Structures are given as C-alpha cells and as structure tokens.
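Reviewing the structure listed below.
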Amino acid sequence: MVAVRGLQKWFGPLHVLKDVDLTVAAGEVVVVIGPSGSGKSTLCRCLNRLEVAGDGSIEIDGEPLPAEGRKLARLRADVGMVFQSFNLFGHRTVLDNVTLGPVKVRRVPRAEAREQALALLDRVGIADKADHYPAQLSGGQQQRAAIARALAMRPKVLLFDEPTSALDPEMVNEVLDVMVSLAAEGMTMIVVTHEMGFARRAADRVVFMDDGRIVESGTPDEFFAAPSTERARDFLSKILQH
Amino acid sequence: MDALTAHLDELGHGLVTTVQLTVVTTLGALLLGVVVATLRVCPVPLLRSVGMVYVEVLQNLPLLALLVLFVFALPTIGITFPLFTSAAIVIAAYEGAYLAEAIRAGINTVGVGQAEAARAIGLTFSQSLRYVILPQGLRAVIQPMGNICIALLMNTSLAAAVGVVELTQAANNVNLVEAQPIAVFTGAGLAYMLLALVIGRLTGTLERRLAIVR
C-alpha cells in the first residue's frame, strides 16, 4: 500500500531522513517510534507530501506521489492524516469539519455526507457534540473528531502524527481505543507515537528510528522483548524504567 | 444655520453621492483586496509578484495624484469614463491595496496547521483558502478593515478634485454662495462623522456576530 525507497530529506544543512526504506502492506498497522528529532514525524509528513522529500521515491497504492497540484490533492484525499494538535477548523462545527472533505472533494450530496458524518461521530463516541465548535470540546474529543474527519474521506491509509502527545493523560485512552478498533477492522495505519502500550496492543510491526534512519523493525513481541540494536535497547530502557 | 437649511437640497444630493461612492467603492475594494491578498500568498511566484507590485504601486502614490492621472491622462489615449465611475474605480483600486494588506495579515493569523489539515483532506489550494483560511483570516481583521472603510469614506472627498459633486464639493459650492465656512463645513463634517459612526457600529456588530468560539 505504501512503498518508500531511499528517502532523503534535508532541512537546510540538517539531514533529517537518511535513506529510509519502508513498505507497508494493505491492512498493516506500523508503529514508528524513536527519540525526538529522529525524523519519524518528518517521515510521516513526507508520505502525503506536507513535507517534500529531497530524494527517493514514495508510492501510495502503486502510484508515485505526484507533484503539487490537482493530482496531489486527489491523492491526499485517499491518505488520511491525524495531527498532534488536532487542527480542526475552528470556525466550523464538528459536523461541518467532518462533511467538508466529502462534500467539496468527493462531491457527496450534502444530506448523504451529513448522515455518514453523524454515523462516524457516533462511532468515535461524540455524536452529541456534532453541533459544537472545536473549542468547546476536550482535547480527546477534538482528536476523535479529527479521526472522524479523516475517516469521512474513506482513506486507503491513515497517518497518525503523534495523535496523543498533546492530550491530558486521562484522555489518551479514549483516542487510543478508537485507533485500536480501527486497526482491528483492517485499516492500513502508520502511527508515529510514544505510546508503547498501543504499539504492543495494535501494531503488526514496530519501526524504530534514530537520527534519520530506520534502525530496527520487527513485531512488537520481538522488539519489546529483545531489541537487537544497542540504540533501541538504550531507548527502551530509558522510557520503560518508570 | 440658515446657510445649511437654505441649501438642504444641494447638500443632500452631495451626501447621497458620497454614500453611493462609499458603498460602491467599498464593495469593489473588498473584492480587489481578497483577490490581491490571495495573489500575495499563492504558491506561484509570478502571481505573488503581481500582487506585490499592485500593492506597492497603489499604496505608495497619493490618491489625489492617481485620481488626476486617471481622469486627465486616460482620455489622451482615448479612454474616458463618466466622472463618478472614474472616481469609484480609482478609489476602489487604491483602498483595495490597503485592504489586501489587512487581509493578508488576517491570513497570516491562521495557523499553519489549518492549511495542512485542509490540504490533508484533499482540498486544493483555492478550496483551502475559500473554505478554511479566508473565513478565519477575514474574521481576525474585521476591525482594521472597518478602519480602512472609514478612511475610504473620508477619501471619497478627493473625488471633488476631479469634478464629482459629493458632500465636500457640495459644501464648497454652498460656501461660495453663502460665505459661511464654519457653519457649512461643520455641518458637512458632522455628516461624515455620522457615516463613520455607522461604519464603526457595523464592523463592531459583524465582529461580535462572526466571532469564532475559542
């Protein structure tokens, strides 16, 4: 579903992605972990071209990522993204946030889009907030609304860029629960996160990045029980000791 | 006082012309402002330059000079408009440049995340602008836009210089007959003040009505 080959990315003199290869099969859930500044968010953002890679190739569902323009917009419609800071449209109600894409991009009739949106909001557990504005919701509710907004496009892949990092601890689980249920339904997901519990529970594969490279990749059981690289062992020992 | 009451008809006509000029010009300037601000933030370098040149040229010339040039220079190459139309075009173009800068500032207040989220659901650049960025950016600058509209109202008096009989010109004409500048121009001034207060009230109401829940 997603094929990344030889991806390079520079921010000025800073080399943030160094020859990254990553293949994600349809229905697979890949969790990307690693220390801050390791390039995991950048990798995630390159996948729908919010960041433009310096070199290398990215294919989504067999199609190479097009350059800026209408074709790219069409591809992005198929690649959902959930951000750390939710980024719900502040001037629109939750319902209007969810229907905007289907109505304007997919040309779904308004009534139908509304019905689907309400079903999705019900699914993520905030149907009663449909007519509220984002600022009237808690962080966890906002992030669930953002997931509903992404799902409304019926994406082939969902990208999560640290979806729970901006949340109060007690709201993390309500978002993770939604993500776990999506994973169980066979959604193809790439999740950048620090939630090791989620990785253990829902990931088919854990990818560990450090300093712009994928250092290690394996099933959650392998990775958490016996990481094969020194760097991964070091990272895990630091985050798991408390 | 008699100087005013004896000429209510002329002054009234002037006032109506001023209001007409202000309304027409504000609408034109708003449209231009949105278009030019859009050019200034669009991803195509050439269009960005066009927007920048527009703003630099129109903001950096006196309105009076622009009016005189438009009304007296264009006929030499065979282009003539009625005086009211000429004044409306020039003032709209001029205030459009100021509005464009205010609107651009509004666009810049909208977080990068909003544009990214818009693009991430597959909206094109113009769709993101129309459905996500402008609705929020414009709300942020309603007050400064209102101020520019008040400045626009005051600037319509310059149309007198190219022969449009608006309120200031009407007052001037009355004064030529009555020779009572204090009464006549105080009266005209109060009328301008009243109009400005109306614009101020309108922007205040708009700002409150359209406020984004935060």
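Because only heavy atoms are used, hydrogens play no part in the values below, and waters and symmetry mates are left out as well, while side chains stay in. By convention in this document, chain letters (A, B, ...) are assigned in the order of the sequence lines, proteins followed by strands, and residues within each chain are numbered from 1. Source: prediction; values computed, not measured.
- Atom CG of B/Asp9 has 12 or fewer heavy atoms from other residues, nucleotides or ligands within 6.0 Å.
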A/Arg45 vs B/Glu116, side chain to side chain contact (heavy atoms under 4.5 Å, CB included): CA-CA, chis, key distance, verdict: CA-CA 10 Å; A/Arg45 290 164 57 83; B/Glu116 287 184 348; 2.6 Å; yes
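- In this structure, A/His91 contributes its side chain and B/Tyr131 its backbone to a donor-acceptor pair below 3.5 Å.
- Atom CZ of residue B/Arg119 and atom CD of residue A/Glu68 lie 6.0 Å apart, to the nearest 0.5 angstrom.
- For B/Ala118, the parts sitting under 4.5 Å from any heavy atom of chain A are the backbone and the side chain alike.
- Considering every non-hydrogen atom in both A/Asn48 and B/Ala120, the closest pair reads ND2-CB, 4.0 Å.
- Ranked by heavy-atom pairs under 4.5 Å with chain B, the list A/His132, A/Met153, A/Met81, A/Gln84 is led by A/Met153.
- Heavy-atom minimum distance, A/Lys104 versus B/Leu123: CB-CD2, 3.9 Å.
- When each of A/Ala150, A/Gly69, A/Ala77, A/Pro102 is scored by its heavy-atom pairs under 4.5 Å with chain B, the top score falls to A/Ala77.
- Heavy atoms of other residues, nucleotides or ligands lying less than 6.0 angstrom from CD of A/Gln136 number more than 12.
- Around CD of A/Glu63, the count of heavy atoms belonging to other residues, nucleotides or ligands within 6.0 Å does not exceed 12.
- Contact detail for B/Ala117 and A/Phe83: the closest heavy-atom pair is CA-CE1, 3.7 Å.
- Ranking B/Val132, B/Val112, B/Thr124 against chain A, the residue ahead of the rest is B/Val132, based on heavy-atom pairs under 4.5 Å.
- Residue A/Glu170 places its CD atom among 12 or fewer non-hydrogen atoms of other residues, nucleotides or ligands, all under 6.0 Å distant.
- Summarising the geometry, atom CD1 belonging to B/Ile121 is positioned 8.0 Å from atom CG belonging to A/Asn97; distances are rounded to the nearest 0.5 Å.
- Heavy atoms of other residues, nucleotides or ligands lying less than 6.0 angstrom from CZ of B/Arg48 number more than 12.
- In this structure, B/Gln114 contributes its side chain and A/Leu88 its backbone to a donor-acceptor pair below 3.5 Å.
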Could you walk me through whether B/Ile212 and A/Phe89 pass the side chain to side chain contact (heavy atoms under 4.5 Å, CB included) test, one step at a time? CA-CA 10 Å; B/Ile212 295 172; A/Phe89 308 132; over 6 Å; no
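- Counting heavy atoms of neighbouring residues, nucleotides and ligands inside a 6.0 Å radius, atom CZ of B/Arg130 does not exceed 12 of them.
- At a 4.5 Å heavy-atom cutoff, A/Arg106 makes no contact with chain B through either its backbone or its side chain.
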